[in-house]
Amino acid sequence: MVVRLRFAPSPTGYLHVGGARTALYNWLLARRHQGSFILRIEDTDISRSTEEAIQAIMEDLRWLGLDWDEGPEVGGRHFPYRQTGRYALYRDAAMRLLRDGKAYPCFCEPEELAERRREALKEGRSPMYDRRCLSLSEAEREARIRSGIPYALRFLVPEGEVTFTDLVRGEITFRNRDIEDFVLLRSDGSATYNLAVVVDDLDMEITHVVRGDDHLSNTPKQILLYRALGAEPPAFAHLPMIVARDGRPLSKRHGDVSVGSFREKGYLPEAMVNFLALLGWSLDDSTTIMDRRTLIENFSLERVSSKPAVWDEDKLLWMNSQYIMALGDRELAERVFPFLVRAGLVKDDDQKAFEVLLKATPLLRERIKVLGDAVHLVRFLFQEVDIEDDARTVLEDEVSERVLREAGKGLLELKEFTAPHIETTLREMAERLGLKPRQAFQPIRVAITGRKVSPPLFESMELLGRERCLQRIARAMESL
RNA sequence: GGCGCAUUAGUCUAGUUGGCCUAGGACGCCGCCCUCUCAAGGCGGAGAUCGCGGGUUCGAAUCCCGCAUGCGCUACCA
């Protein structure tokens, strides 16, 4: 069997990490079994859906490397891939159910229903729809329809129960009497979510529905719909939610968890994918770093955990640093460069600046966890320094002036201005002055980079060049 | 209120059919080494009576029952 999986976000906002993981698992499964991965936009809620959100979601998916075989911008046999425009399909299905006596019109007004719900809840009863419109006589029903009273279409939930095997959690049973006659078509004629997904998944021949845990309770309704439409339901798998440390669902309160924000901070998509994959799934008892290929070859729903995963940004950060360390010089420089541009340190097309960055890359690699970290580490290479306040105290030490003066002299006389020579000279100087390396080098570091923390001093100096090093040392002395 | 799902260290998890678990790996944390700062790296360490209470069994994190807690659904939202 050719598997077909889909990711069906509703474009009411950006893509967050939970959605990204759902998309990833679907994609992984599709790739693993040489099936299709479909992107479908669930914009039935027109008032909350935006075009920007659709674009942003697609951009984030592409950044993660989750390409879709069918969907917006790539097309496919089941066009269109957003629910707006598929109304006819939903209506046809609904009308078929109505004709078959599996659905019925409901004339109750929303306000009235809400009121009844409140009452039921207050009295401790289940707030289920009481089916009052089901008992309307045929004549009465006709009369109301003819007089133009707006009505919704409700699904007539049959008796019995629904049992299905969730690929993650096993067998689950719901009693139909706990399910109310839910609305299929709103009184304005639009389809509700439960009708739309079923019709779409059916039409798009989806074989596996892999989605968040929050849809588990919707599943029996959808299975009932499949049966009523005379179709076989797909396989279902419900992923545990991703929650914050306090155990609550991730939300804005817990910081920015949009995929885009991680991209902007300088996380690598491959690290993101690796980390996301491990949030609820594991290969074995010890493997943590896995490339895309390994993921594809090994991913399976059987090894998906059923308990909620806590979003642990510390671990993501560590993982990102692992991926950064594995990058080659040029590759890393190319990825870092745009961050320098954005920080205003260099111009987009500054080839010379890129070459400088490329040479600095080996000094950076083990010192940054996200690409954005590079900015403050290499700033001194592209900008005159402004000595930071807490670095100032280093210069206030009484030995500083002597160190800077001697260093300046030594460097001036240096034949070759390269890291090894600089190091030899400065170490000799330190010894001459009876100073520990740290005492001798910190003032120089501050003078050169403006900060107490920097890439290795001697290499940094070589990169900067003798001229500018001497200038900075002189300037630091003046400021004393 | 009803229904459903979940419960191994601060965190991600391993633990597929009960014994090889004196519960394994990773992040984080602590200490030492290395060292021009910061990292990276090396070595070592603390941290879980497997939510609680019963039961089945020679033997349970693993099976059964109950309870508690958390989360989800219970919309003419998705």
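Below, chain A is the first sequence line, B the second, and so on; all start at residue 1.
- Judged purely by atom type and a 3.5 angstrom limit, A:N320 has no side-chain atom pairing as donor or acceptor with the backbone of A:A271.
- Taking only side-chain atoms of A:P249, from C-beta outward, the nucleotide of B:rA14, B:rC71, B:rC76 with the closest atom is B:rC71.
- Rounded to a whole Å, the CZ atom of A:R245 is 5 Å from the C1' atom of B:rU11.
- In this structure, A:T449 reaches neither bases nor backbone, as no heavy-atom distance under 4.0 Å exists between it and the strands shown.
- Atom CG of A:N274 and atom P of B:rA26 are 15 Å apart (whole Å).
- Listed candidates were B:rG4, B:rG70, B:rC76. Nearest to the side chain of A:R248 is B:rG70.
- Ring-centre distance between A:F458 and A:F441: below the 6.0 Å cut-off.
- Between A:D312 atom CG and B:rA26 atom P there is a gap of 15 Å when expressed in whole angstrom units.
- Phosphate contact (OP1/OP2 of B:rA78, side-chain N/O of A:T44, threshold under 4.0 Å): present.
- If you check every strand for non-hydrogen atoms under 4.0 Å, A:L316 touches nothing.
- Between A:F182 and A:F155, the ring planes lie tilted relative to each other; the angle falls in the 30° to 60° range.
- Although no hydrogens or angles enter the test, the distance criterion places a donor-acceptor pair under 3.5 Å between the side chain of A:R303 and the main chain of A:S282.
- Atom-to-atom, CG of A:D284 to C1' of B:rA26 comes out at 11 Å; the value is rounded to the nearest Å.
- Of all nucleotides present, only B:rA68 satisfies the Watson-Crick or G-U wobble test against B:rU7, with each distance under 3.5 Å.
- Checking B:rC20 for Watson-Crick or G-U wobble geometry (two distances, each under 3.5 Å) identifies no partner in any strand.
- At the heavy-atom level, A:G280 lies under 4.0 Å from the strands shown only through sugar-phosphate atoms.
- The closest donor-acceptor contact from the side chain of A:R40 to the backbone of A:A8 lies at 3.5 Å or more, if one exists at all.
- Along RNA chain B, the nucleotide nearest to A:K221 and the one nearest to A:S126 differ in position, and the one closer to the 5' end is contacted by A:S126.
- Residue-to-nucleotide proximity on RNA chain B shows that, of A:M325 and A:F107, the 5′-proximal contact is made by A:M325.
- In this structure, A:P127 reaches the bases: a heavy-atom distance under 4.0 Å links it to at least one base atom across the strands shown.
- For A:K315, whose side chain is taken as the heavy atoms from C-beta onward, the closest listed nucleotide among B:rA14, B:rG2, B:rA26 is B:rA26.
- With rounding to whole Å, A:F275 atom CZ is found 11 Å from B:rA26 atom C1'.
- For B:rC32, the paired base is B:rG42 (Watson-Crick or G-U wobble, both distances below 3.5 Å).
- No engagement by A:S190 is indicated, since no non-hydrogen atom pair under 4.0 Å with the nucleic acid exists.
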Worksheet entry | Contact pattern, 5' to 3', of nucleotides 31-38 of chain B - B, S or - by protein heavy atom under 4.0 Å | -----BBB
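- As rounded to whole Å, 14 Å separates atom C1' of B:rC12 from atom CZ of A:R303.
- Here the side chain of A:T449 pairs no donor or acceptor atom with the backbone of A:V446 at under 3.5 angstrom.
- Among B:rG10, B:rG24, B:rC71, the nucleotide with an atom closest to any side-chain atom of A:D285 is B:rG24.
- Residues A:P308 and A:V310 have side chains not in contact (no heavy-atom distance under 4.5 Å, counting atoms from C-beta outward).
- Considering only side-chain atoms of A:R169, the nucleotide from B:rC12, B:rC5, B:rA78 that sits closest is B:rC5.
- Side-chain proximity of A:D178 to B:rG2, B:rC27, B:rC76: nearest is B:rG2.
- Cation-pi check for A:R154 over A:Y129 is met; the charged atom lies under 6.0 angstrom from the ring centroid and within 45 degrees of its normal.
- Note on A:R154: only backbone sugar-phosphate atoms sit closer than 4.0 angstrom, heavy atoms only; bases stay farther off.
- In the interface, the side chain of A:S217 is not paired with the base of B:rG4 through any donor and acceptor atom under 3.5 Å apart.
- Remark: the A:N218 side chain and the B:rA78 base include a donor-acceptor N/O pair separated by less than 3.5 Å.
- Applying the salt bridge (charged side-chain N to carboxylate O under 4.0 Å, His left out) test to A:K307 and every residue at least two apart in sequence or in another chain returns nothing.
- No engagement by A:L153 is indicated, since no non-hydrogen atom pair under 4.0 Å with the nucleic acid exists.
- Heavy atoms of A:H238 sit nowhere under 4.0 angstrom from any nucleic acid atom.
- Across all strands, A:K436 comes closer than 4.0 Å to no nucleic acid atom at all (heavy-atom distances).
- Between the base of B:rC76 and the side chain of A:S187 there is a donor-acceptor pair shorter than 3.5 Å.
- Spacing between B:rG2 and B:rC65 at atom C1', rounded to whole Å, works out to 22 Å.
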